[in-house]
Amino acid sequence: MSSRIESLSAAVVGTGFIGPVHVEGLRRAGVTVAGIVGSSPDKSKAAAERLGLPRGYESFDELLRDDSISAVHLTTPNRFHFKQAAAALRAGKHVLCEKPLAMTSAESTELVRLARESGCAAGVAYNIRFYPLCHEAATRVRGDSIGDVLHVVGSYVQDWLLFKTDFNWRVLAEDGGELRAVADIGTHWLDLVQFITGQQIVEVCADLRTIHAKRQQPSGGAEAFSGPGSPRVESEPVPIDTDDCGSVMLRFANGANGSLWVSQTTAGRKNCLRFEIAGAKQSLAWNSESPNELWIGHRDRANETLIRDPSLLHESARGITSYPGGHNEGFPDTFKQLFRSFYGYIAAGDFSAPSPFPTFADGHREILLCEAALRSHRERRWVSIEESC
Ligand code: SOE
């Protein structure tokens with residue numbers, strides 16, 4: 001049965017950096033946001049007031065009992081994703097979960113199964129796909145404009161964890177998982193290049209590094225991107241064994257090869273994802289810090305830069321573009337477009353149709369890639385994804 005996006009209502013779990021991004025994206029997509037829940041009733045109430053939401057739930061269970069909500073957004077630390085996603089699906093709610101989907105592939109396998117059996121929509125917030133020029137790149141590569149994909153290289157680099165006084169739950173393996181930079185930002189890149197090329201990564205060889213073996217943990221925690229800790233805040237040294245940076249060599253199903261560099265300790269790079277996809281006829285390159293430009297490389301004529309302009313884009317990219325050329329769209333717009341896609345699918349009501357958003361199956365694939373990368377790093381050898389299944 002089909003309905004309208006505007007008739008759907010959602011609640012957000014998590015009040016940190018990314019929870020409010022979801023609230024804003026939902027509102028801009030036209031979805032009603034019924035309320036939010038944090039790690040305590042006080043935090044829920046404060047977030048609801050700050051964000052102008054009708055309700056700060058007392059608990060996650062209270063949120064699940066709210067029959068007015070059709071979907072739940074999980075923006076909690078990674079260690080909660082499995083339990084919360086499973087409970088929400090069992091309660092008959094559609095789920096949009098932040099990445100990585102779970103802590104282990106055993107958990108993500110179970111979530112894929114539960115999602116299938118629940119008959120609910122289940123998506124993972126790989127929002128970077130929803131920059132219009134990333135959809136444009138996918139249409140061009142899959143439509144053979146660039147020829148056979150030969151190699152794919154790039155990086156995702158940030159600087160918000162450069163100093164040993166920089167801290168967030170993500171640096172702790174028990175909260176975020178054994179892999180950090182690769183899982184937190186690397187999987188965005190891995191998801192993106194597989195989406196664009198239509199080719200799965202089948203084998204990896206990783207070399208990872210923890211720059212700060214100890215970090216200063218402030219009492220009371222710290223939000224992502226909150227800047228260097230104040231010397232006046234009490235903190236204590238804690239051992240860290242998650243990756244600050246590293247490289248992963250890749251082999252794709254069609255024989256293409258490539259590599260990814262990830263780092264959360266590159267001074268000056270705030271949140272910078274770059275890819276370069278080389279085909280037999282052309283190359284494409286893109287940088288998330290100038291997201292409205294796609295570079296098109298030629299061998300036998302001058303290179304081009306395509307400036308995002310809906311009138312010049314393929315239908316797939318035009319469909320996720322809201323503003324005319326020159327009116328730049330960025331990070332918050334990707335969430336709006338992802339949510340329009342997710343709720344548009346729910347509203348259309350045909351769950352046998354292919355999902356236009358990253359699904360739990362995509363999220364599971366990313367966990368397999370992470371496990372293969374970690375194993376490869378520890379055993380100092382190539383690891384196939386099949387081996388890690
Ligand atoms: C922190 O590294 C973080 O917030 C990621 O968790 C997000 O996925 C990315 O979009 C920005 O950086």
Side-chain angles (χ1 to χ4, degrees), residues 12-25 73-81 96-103 123-131 134 154-163 166-173 175-193 195 208 210-212 215 221-229 240 242-246 260-275 286-291 329-339 357-358 362-363 366-367 369-370:
V12 174
V13 187
T15 58
F17 160 62
I18 210 75
V21 174
H22 281 240
V23 171
E24 183 190 312
H73 286 233
L74 300 175
T75 71
T76 44
N78 306 342
R79 76 184 154 99
F80 297 113
H81 291 176
L96 201 292
C97 185
E98 264 301 330
K99 36 50 47 183
L101 175 59
M103 298 281 271
V124 182
Y126 284 117
N127 60 298
I128 299 177
R129 288 188 191 190
F130 287 83
Y131 281 100
C134 291
S155 57
Y156 195 159
V157 288
Q158 302 177 326
D159 72 359
W160 68 287
L161 292 170
L162 175 61
F163 303 137
D166 292 325
F167 198 89
N168 177 257
W169 59 261
R170 287 171 174 81
V171 305
L172 300 174
D175 283 348
E178 286 186 291
L179 268 190
R180 191 227 310 158
V182 172
D184 187 41
I185 53 177
T187 63
H188 271 300
W189 190 94
L190 296 165
D191 174 75
L192 184 64
V193 300
F195 165 69
L208 312 175
T210 304
I211 305 238
H212 297 299
R215 285 180 182 266
E223 289 303 348
F225 301 106
S226 58
I240 303 292
T242 54
D243 47 309
D244 284 311
C245 63
L260 161 67
W261 169 253
V262 283
S263 158
Q264 292 179 310
T265 46
T266 302
R269 295 291 180 206
K270 302 302 170 188
N271 188 45
C272 180
L273 180 153
R274 288 173 281 200
F275 69 71
W286 181 82
N287 176 345
S288 66
E289 290 189 338
S290 324
E329 290 173 281
F331 180 78
D333 299 275
T334 61
F335 285 88
K336 177 182 85 175
Q337 299 298 352
L338 165 62
F339 300 161
F357 52 84
D362 296 317
E366 293 300 317
I367 310 274
L369 283 169
C370 285

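Both ligands and their constituent atoms are indexed starting at 1 by order of listing. Owing to the predicted nature of the structure, the values given are computational and were not obtained by experimental measurement.
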Checklist entry - With sequence neighbours left out, what residues match D243 under salt bridge (charged side-chain N to carboxylate O under 4.0 Å, His left out)? => result none

Checklist outcome for this item: Hits for side-chain hydrogen bond (donor to acceptor under 3.5 Å, both in side chains) against N287, two or more places apart or cross-chain, chain-then-number order -> none

Checklist entry - Between Q264 and R180, does any side-chain donor sit less than 3.5 Å from a side-chain acceptor? => result yes

Next on the checklist: Distance alone, cut at 3.5 Å: any donor-acceptor contact between the side chains of N271 and Y156?
Outcome noted: yes

Item to check | Residue contacts for ligand 1, heavy atom to ligand atom, distance under 4.0 Å | outcome: F17, K99, Y156, Q158, W160, R170, D184, I185, H188, F225, Q264, N271, F331

Checklist outcome for this item: For R129, the salt bridge (charged side-chain N to carboxylate O under 4.0 Å, His left out) test, sequence neighbours excluded, returns D191, D362

Checklist outcome for this item: Taken to the nearest 0.5 Å, the spacing of K336 NZ from E24 CD works out to 10.0 Å

